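To keep things clear, I will list the structure first and then write my remarks on it.
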There are 2 protein chains.
Amino acid sequence: MSESSDKAAPSRRRRHRGTGRGDSRRDELLHVASELFAENGYRDTSIADIAQRVGVTQQALLYYFGSKPALLDAVIDERDGAAVAFAEELAAIGGFDAIRAIPASARRNVAEPNLVRLFAVLVAENLPQHAVAHDHFVARYRRLRRIVAELIAEGQRTGEFATDIDPILKAAEIVAVIDGLNTQWLLDPDDVDIIGATEQFAEGLAGTLRARA
Amino acid sequence: MSESSDKAAPSRRRRHRGTGRGDSRRDELLHVASELFAENGYRDTSIADIAQRVGVTQQALLYYFGSKPALLDAVIDERDGAAVAFAEELAAIGGFDAIRAIPASARRNVAEPNLVRLFAVLVAENLPQHAVAHDHFVARYRRLRRIVAELIAEGQRTGEFATDIDPILKAAEIVAVIDGLNTQWLLDPDDVDIIGATEQFAEGLAGTLRARA
DNA sequence: GTCTATAGCGAGATAGAC
DNA sequence: GTCTATCTCGCTATAGAC
């Protein structure tokens, strides 16, 4: 999951060959930052904590990323997009097969709790309009809803899905269930069967979409 | 930052008549604290901010609450419980009438965005096991799920609901939809019709619960 | 590229006057 | 009950040596 896409570095110039091969120190910092942001949130994680865990000083981290918000951007760029990519996979499948594939997201999430936690925490932290990454998450959810809504609308066009469903409302619901189950599961993994709940949700959803008016 | 826990509370005794009527200064501080925690989160709100907004110094606030974590406890005590109370109302109604009443929660939430934001932020902040209020929220969600699951199980017993539904999984789903829609709506109120989405969800859910095996 | 040193700020909390 | 004063700490960021 950690492809080092060699983005424009915030600091002035490139440090080595631009061919995209691992800048190991930078990648290490990125990885640890993502872990600590997931555990403690952005605000409650100091760049010194991150640097220390990697074994360098805070100033070395700043050499790579320039500032703490820039580090956050880098983390988000590297690790977000999984959800959107998954939604696009579903859309590519289409129809009831896509609905049946929804629980795969729960399975992915269970396999990567830290990634899930990272975004759960970041989204909540960026609810206020003035937050650093607020606009990023607004755009992300809009995209997510649009992709899923289009999947539903397409199924309605082909006659597979019932037409008495508002695609965009249903899309918001689907995204909401996945997110909400993530939250409950992160809080209390032992008491929440996220895979089972997602499966049962998908079944019910299939029934709703199949239903005649 | 989990310095938490009961240090010596600065005032060992109650300051006013024990009958619980308004200690206006204290109530004012509590109210403003709840607003600012909702806007900026717990960690990013200083007790000085809160005190200033009320027109007193930070030290006056500490006189009442002793410490910042203690203030958080007080805020949670005062303002949480709405969700549980709502779930209990639904359970008291029972059956399809209860399902039909679910969208009322969305209407309440729209009316009190700050309260909703407060708990969205607090839940995320308390995802890690060591967080100050982690256990509180674990217990809260367990209670929520139990109440809703019992509502479903009861409907199954009376024969109103289909029996091929696992009550606890469905309960987690219902709570998840409400939470997840809240998040999307808080992030992007203009693009999310939380009431419409909740209504459509409730309709689909009713269909699922009605369905025969 | 990574370090030491340090500026500069804002936080939470305590002590004690009134 | 509320204030002023102050302590101490942790944080981000900059400057400059090596």
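Quantities reported herein were computed from a predicted structural model and do not represent experimental measurements. We name chains A, B, ... by the order of the sequence lines, and we start the count at 1 in each one.
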Grab the CZ-P distance between A/F65 and D/dT12 for me, whole Å please. 14 Å

Looking at A/R108 and A/E89, does any basic side-chain N land under 4.0 Å from a carboxylate oxygen? yes

Can you tell which of D/dC3, C/dA13, D/dG1 lies closest to the side chain of B/Y64? D/dG1

Is it true that the NZ or CZ of A/K68 lies under 6.0 Å from the centre of A/Y42's six-membered ring and within 45 degrees of the ring axis? yes

Could you state the atom-to-atom distance from CG of B/L62 to C1' of D/dA5 in whole Å? 15 Å

The side chain of B/K68 is closest to which nucleotide in this list: C/dG12, C/dT2, D/dA13? C/dG12

Tell me whether the OP1 or OP2 atom of C/dG1 has a side-chain N or O from A/Y63 closer than 4.0 Å. yes

Is the distance from OP1 or OP2 of C/dA11 to the nearest side-chain N or O of B/S46 less than 4.0 Å? yes

Between A/T57 and C/dC3, does any side-chain N or O lie under 4.0 Å from OP1 or OP2? yes

For B/L61 and C/dG12, what is the distance between atoms CG and C1' respectively, to the nearest whole Å? 11 Å

Taking CG from A/D49 and P from D/dT12, how many angstroms apart are they, rounded to a whole number? 8 Å

Using atom CZ of B/R43 as one end and atom C1' of D/dG10 as the other, report the distance to the nearest whole Å. 15 Å

Is the NZ or CZ atom of B/R146 positioned over B/Y141's six-membered ring, under 6.0 angstrom from the centre and within 45° of the axis? no

Using whole Å, what does the distance between atom C1' of nucleotide D/dG10 and atom CG of A/N40 come to? 15 Å

Expressed in angstrom and rounded to an integer, what is the separation of B/L36 atom CG from C/dA11 atom C1'? 15 Å

Using whole Å, report how far CD of B/Q58 lies from C1' of C/dA13. 7 Å

Under 4.0 Å between a side-chain N/O of A/R25 and OP1 or OP2 of C/dG1, yes or no? no

B/S46 and B/D49 side chains, donor-acceptor separation under 3.5 Å: yes

Pairwise distance CD1(B/I194) to CD(B/E199) - rounded to 0.5 angstrom: 11.0 Å

